[in-house]
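All remarks here apply to the structure that follows.
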2 protein chains.
Amino acid sequence: MLNYSTSEENYIKAIFHLQRQDGTVTTNELANELKTKPASVTDMMKKLKVKKLLNYQPYQGFRLTNEGNKVALGIIRRHRLWEYFLAEKLKFSWDEVHEVAEELEHVSNKKLIDKLDEFLGFPRTDPHGDPIPDANGKIEISKKICLTAMALNTIGVVSSVSDQSSEILELLEHKKIAIGTKLEVKKKFEFDNSMEVKIGRQPAFTISNQLAENIFVLSN
Amino acid sequence: MLNYSTSEENYIKAIFHLQRQDGTVTTNELANELKTKPASVTDMMKKLKVKKLLNYQPYQGFRLTNEGNKVALGIIRRHRLWEYFLAEKLKFSWDEVHEVAEELEHVSNKKLIDKLDEFLGFPRTDPHGDPIPDANGKIEISKKICLTAMALNTIGVVSSVSDQSSEILELLEHKKIAIGTKLEVKKKFEFDNSMEVKIGRQPAFTISNQLAENIFVLSN
DNA sequence: CTATTTTTTTAGTTTTGTCTAAAATTATTT
DNA sequence: AAATAATTTTAGACAAAACTAAAAAAATAG
Ligand SMILES: [Mn+2]
Ligand SMILES: [Mn+2]
Ligand SMILES: [Mn+2]
Ligand SMILES: [Mn+2]
């Protein structure tokens, strides 16, 4: 497998994540995700097309080819293994690991990553509950669902929070919700899509729809 | 402390190492070390001068400023900590670690490196016996000396080999010399600067000057 | 079905780091 | 000390990755 620049890798990974949700990815979407300008995206899409990582016809949006998906899974493997290493071995907290892994993921030495995987005991998920692809690029289907999608009276373990702003962290701290917290959904209100949840035997409390949309749990 | 590009860091580190030996470093020396062209070196020297990392007057060679030395020690700290991690935790052999550390050293997140240092138990030397600068950039003086500089009948522990070619490794393997081997110098010959050495109680054997110049030991 | 708005692409620059070829400077011989 | 050789710098070009402004295409509204 060839080697790609840091910039190319960041584009490839972003496309991979966006196409999970949207099928085909658009120029503006990707520019927004990578905090760059649409013109820069178009330039890179031409490059990735030449390298056969991308299906792209002008104005038609883009998807990764099979080869592109393989490359993306390699980057995600490196990212998540480093996240696990940082949290588990270096005792970083779960909200600090992403930024550092964003750089470490670009050191692409196969032996390094496979030995790291072994050293870590072949972990199945990263500190956010996302599955780690194996050495062949195989990845389990994520069991994470959004809090808004949970059935009533079922318990889920908080595994990740999509927004990483300090505002959401402040609110989560106030509500005593952290990664690992067990939440039970007791009621949902049609009017504003707010919900009441419980932690263990404590009294139920209310969560707004905006907050619930950003909380993901591993269910039963 | 500011952030520098991978390319800048590679130049800074190379100057640091060359000036240990030579006092002031020349354009050709550095070009040769970094496998680049003299014109590229001159360009970069101008940049590093503007950033006040370098004392440089055209045609006069260059030296790092105090600030430049500090930056270099930070890079060397990262490099050697990663080398230690690769050898000690991931079980890389001593001749494989350098190449990977050459990339990892450019991920410059202070917390990452200080936590890594702690995780590793604050090691004092890397797998080649070279001292690791502490978080403040303090570094012990290396006790490594060249095999050619050893006194007769003293024992030294092989700690590094400056050449890393497969040719030298083949020869070292044949002579049963590895990192950690205890060598005793028994005789030196003026004619070709070859020497006779012993490993433990085994019979003495001959080492050429070219080979001896590339072997470094920690003595008593 | 036009007209307007939004999205995307193109054209032309900029910055960083590299290179080759030529010019300038310094070092070494004779 | 002048000629020659070696080293270093400059000038000009190029590739990667970004940007701004303008043009082109697609989507949406009236
Ligand atoms: Mn990244
Ligand atoms: Mn993650
Ligand atoms: Mn390096
Ligand atoms: Mn080393």
Side-chain angles (χ1 to χ4, degrees), chain A residues 2-15 18-19 21-64 68 71-72 75 102-103 105-108, chain B residues 2-15 18-19 21-64 68 71-72 75 102-103 105-108:
Chain A
L2 270 99
N3 252 27
Y4 300 100
S5 72
T6 293
S7 189
E8 289 171 328
E9 288 189 344
N10 285 335
Y11 276 94
I12 292 164
K13 194 177 60 155
I15 297 167
L18 290 173
Q19 76 184 9
Q21 303 166 331
D22 294 19
T24 148
V25 182
T26 69
T27 304
N28 270 354
E29 258 182 318
L30 189 49
N32 185 57
E33 173 80 11
L34 292 171
K35 278 138 196 222
T36 183
K37 296 281 147 21
S40 308
V41 171
T42 301
D43 286 347
M44 184 59 88
M45 294 309 99
K46 287 182 189 163
K47 251 183 76 181
L48 295 181
K49 185 187 182 177
V50 169
K51 298 193 179 188
K52 301 199 191 280
L53 298 175
L54 202 67
N55 291 124
Y56 163 58
Q57 299 294 59
Y59 299 101
Q60 301 297 125
F62 20 85
R63 305 211 54 167
L64 294 173
V71 173
I75 302 162
E102 203 55 50
E103 299 196 40
E105 71 187 357
H106 302 294
V107 177
S108 58
Chain B
L2 270 99
N3 251 25
Y4 301 99
S5 72
T6 293
S7 189
E8 289 171 328
E9 289 189 342
N10 285 336
Y11 276 95
I12 293 164
K13 194 178 60 157
I15 296 168
L18 289 173
Q19 76 186 9
Q21 302 166 333
D22 295 22
T24 150
V25 183
T26 69
T27 305
N28 270 354
E29 259 181 319
L30 189 49
N32 185 56
E33 174 80 10
L34 292 170
K35 275 137 198 219
T36 182
K37 295 283 145 34
S40 308
V41 170
T42 301
D43 286 346
M44 183 59 86
M45 294 310 98
K46 287 183 190 161
K47 251 183 77 179
L48 296 181
K49 185 188 182 173
V50 170
K51 297 193 179 187
K52 302 202 193 280
L53 298 175
L54 202 67
N55 291 123
Y56 163 58
Q57 299 294 61
Y59 298 102
Q60 302 296 124
F62 20 84
R63 305 212 53 166
L64 294 174
V71 174
I75 303 161
E102 203 55 52
E103 299 197 40
E105 70 187 357
H106 303 294
V107 177
S108 57

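Proteins get letters first, then strands, A, B, ... in listed order; numbering begins at 1 in each.
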Short side-chain N/O contact from B:S7 to OP1 or OP2 of C:dT16, under 4.0 Å:
no
Candidate list B:L54, B:L48, B:T24, B:L53, test side chain to side chain contact (heavy atoms under 4.5 Å, CB included), partner B:F62, passing option
B:L54
When all nucleic acid strands are considered with a 4.0 Å heavy-atom cut-off, which category describes B:Y56: base, sugar-phosphate, or nothing?
sugar-phosphate
Between A:Y11 and D:dA18, does any side-chain N or O lie under 4.0 Å from OP1 or OP2?
yes
Quick note, ring pair (Phe, Tyr, Trp, His ring centres under 6.0 Å) partners involving residues 31-55 of chain B, not counting sequence neighbours, are none
Whole angstroms only, please: what is the NZ-C1' distance between A:K49 and C:dT8?
15 Å
Residue whose nearest DNA chain D nucleotide is more 5′ - A:E8 or A:Q60
A:E8
Do A:V25 and A:Y56 make a side-chain contact, defined as non-hydrogen atoms from C-beta onward lying under 4.5 Å apart?
no
What is the distance from atom CE of A:M44 to atom OG1 of A:T27, rounded to the nearest 0.5 Å?
13.5 Å
Any side-chain N or O of B:K46 below 4.0 angstrom from OP1/OP2 of D:dT9?
no
List the steps and the verdict of side-chain contact (heavy atoms from CB on, under 4.5 Å) for B:K51 and B:L2.
CA-CA 10 Å; B:K51 297 193 179 187; B:L2 270 99; over 6 Å; no
Ignoring backbone atoms, establish whether B:Y59 has a side-chain N or O less than 4.0 Å from OP1 or OP2 of C:dA23.
no
Short side-chain N/O contact to C:dT8 OP1/OP2 from A:N28, under 4.0 Å:
yes
Euclidean distance, atom CE of residue A:M45 to atom P of C:dT10 [Å, nearest integer]:
13 Å
Could you identify which residues of residues 34-44 of chain B place a heavy atom less than 4.0 Å from some atom of DNA chain C, listed by residue number, or say none?
B:T36, B:K37, B:A39, B:S40, B:D43
A:H106 side, atom NE2; A:N10 side, atom CG - distance, nearest 0.5 Å:
4.0 Å
Answer yes or no: does a side-chain N or O of B:T27 lie under 4.0 Å from OP1 or OP2 of D:dT9?
yes
